[in-house]
Amino acid sequence: MKKETDSALEKVFKQIDASWEEEVDFLQKICQFPSTLGNEGPVQHFIADYLEKEVGLDVTKVIPDPEKLSSHPGYSEADWSYEDRPVVIGEYRPEGEKKGKSVIFQGHIDVVSPEPVSFWKHDPWGAEIVGNKMYGRGTADMKSGVAAMIFALKAVRDAGVKLSSDVIVKTVTEEECTGNGALAAIEAGFKADAALIPEPVLGQKGLTAQVGVIWVKVKVKGLGAHTERADKAVNSIMEGYKMINALLDYEKELNSRERHKDFADHPHPYNVNIGKIHSGDWPSSVPSECIVEARVGFPPGVDPQDVKDELKAYLLAAAEKDEWLKENPPEISFYGFHAEGFSIDPNQELFDILGEAHTAAVNEPLETGSFTATTDARFYNLYYDIPSTCYGPTGDGLHAPNEWVDLDSVKTVTKTYAAFLLKWCGYSN
Ligand SMILES: [Zn+2]
């Protein structure tokens, strides 16, 4: 049996080497789609077509329906349209009797904005290759993972190895803001015995814990005026600045509390990021309104709603201490991420088999780790009892200028995912 696995694996690994150029070409193509929030449709249609024609999968497109999803505890508030921004699902169903376990491979195709583009040395949508690196927005986070998972399954099929269980490939939207794409695909009924997500966050390590995340919007009023009478006006930028300081005080507070075991050794696991600020439109006008938006990380095991309630009370208490803000309290609202953290046991079959697959690809044991941001793995682990982890390529510049991915690591991940398919799903030649 061992020998047989080895020879099937060998065939599949050879296939991955043989189709490497094709994989890189596919990766370049999907990286050239500027699939920021609201613009995911074209790349999703391209991938759906590819899965159907080149990988031989049955393809379904699902449009997330916020009305239907809104009663789910993992739903995140979104006030934008989902029209023509489908989640794509490709299904491999074995012929004959099913024997092994089924698996979901999932990646997100939404990317964050590349602005300011002038900071880039390479076109963010060019997918240029220099040496062993591919540059561009989404190359690391996480279109290379998407290419790796698709080409892992494709290589198994092209090598003539017949898997004995179902494989579901999902490319989802909105991982970067809500996770509603991932949620919609599960709610549409696409479930399996485990889910692997080739996020680059820990490279070729298995993810066992991640923090929770919410987004907050703080709207502060000022009293606008011409600058000649600025002494009688209240500058909303300066009032907003007070709220920024309160947010940062809350961050200190979160990190000073007793640590969750998975983040005990981390120097600063719960980050408050001031991500957006908008106020003013003229140097000679005192601005009347300031809107600050932030992302707040918090420990696993804490309900996002509790964090929202606590943060709101915290910010209002800070406003109470200020003469102006006391009379003109900030408007605090929440949208986007309503994401609970999770922590799972690394001593389970998912990590055993992933470890075997990793060793088959790189001849080293698998390490695991925790992550101070969120991923779509939370949905499977928290709400569906489907063990899920991330294991992906290596890169840098995620959510920053000059993002790149290491192409060797993409090949390694392709091999690990292919080996995982053989070991987890079972197969016949
Ligand atoms: Zn990502």
Side-chain angles (χ1 to χ4, degrees), residues 27 30-31 33-40 43-44 47 64 74 76 78 85 87-88 104-114 124-125 127 134-150 169-186 195-215 271 273 275 295 297 336-342 369-381 388-406 409-410 413-414 417:
L27 173 57
I30 61 173
C31 287
F33 285 92
S35 52
T36 50
L37 177 64
N39 302 305
E40 307 94 326
V43 73
Q44 287 292 62
I47 292 173
S76 293
R85 301 168 50 229
V87 170
V88 172
I104 291 162
F105 284 176
Q106 178 175 307
H108 68 85
I109 52 72
D110 56 314
V111 296
V112 296
S113 158
W125 309 117
M134 186 187 287
Y135 287 86
R137 172 58 78 235
T139 49
D141 187 13
M142 61 165 287
K143 287 171 174 171
S144 52
V146 167
M149 71 185 197
I150 290 172
V169 171
K170 302 181 184 178
T171 59
V172 302
T173 54
E174 289 200 14
E175 190 276 343
E176 298 287 6
C177 54
T178 62
N180 291 342
L183 181 60
I186 310 174
L196 280 184
I197 301 181
E199 282 276 10
V201 294
L202 298 178
Q204 293 90 65
K205 283 186 187 172
L207 174 87
T208 55
Q210 68 186 34
V211 302
V213 171
I214 56 159
W215 281 2
N271 297 318
N273 180 62
R295 167 269 195 207
F337 282 124
H338 182 88
E340 192 171 329
F342 71 76
S370 45
F371 180 49
T372 60
T374 188
T375 74
D376 281 336
R378 68 182 181 277
F379 294 105
Y380 296 104
N381 286 316
S388 176
T389 187
C390 297
Y391 170 104
T394 310
D396 204 1
L398 283 67
H399 296 222
N402 298 308
E403 178 179 353
W404 57 266
V405 71
D406 174 310
S409 76
V410 181
V413 172
T414 311
Y417 275 55

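Only this structure's heavy atoms are used, side chains among them; waters, hydrogens and symmetry mates stay out. Both counts, for ligands and for their atoms, begin at 1 and track the order of listing.
With contacts defined as side-chain heavy-atom distances shorter than 4.5 Å, the pair V405/M142 does not qualify. Using a 4.5 Å heavy-atom cutoff, the side chains of R378 and E340 are not in contact.
Side-chain N/O atoms of T173 and E40 include no donor and acceptor closer than 3.5 Å.
Taking the side chain to side chain donor-acceptor pair (under 3.5 Å) definition, one finds that N271 meets it with H268, sequence neighbours left out.
Taking distances strictly below 2.8 Å, the protein N/O/S atoms close to the Zn ion (ligand 1) are H108 NE2, D141 OD1, E199 OE1, E199 OE2.
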Apply side chain to side chain contact (heavy atoms under 4.5 Å, CB included) to the pair Q106 and Y380, showing each step before the final yes or no. CA-CA 11 Å; Q106 178 175 307; Y380 296 104; 2.5 Å; yes
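Y391 and Y417 have tilted rings, their planes meeting at an angle from 30° to 60° on a 0 to 90° scale.
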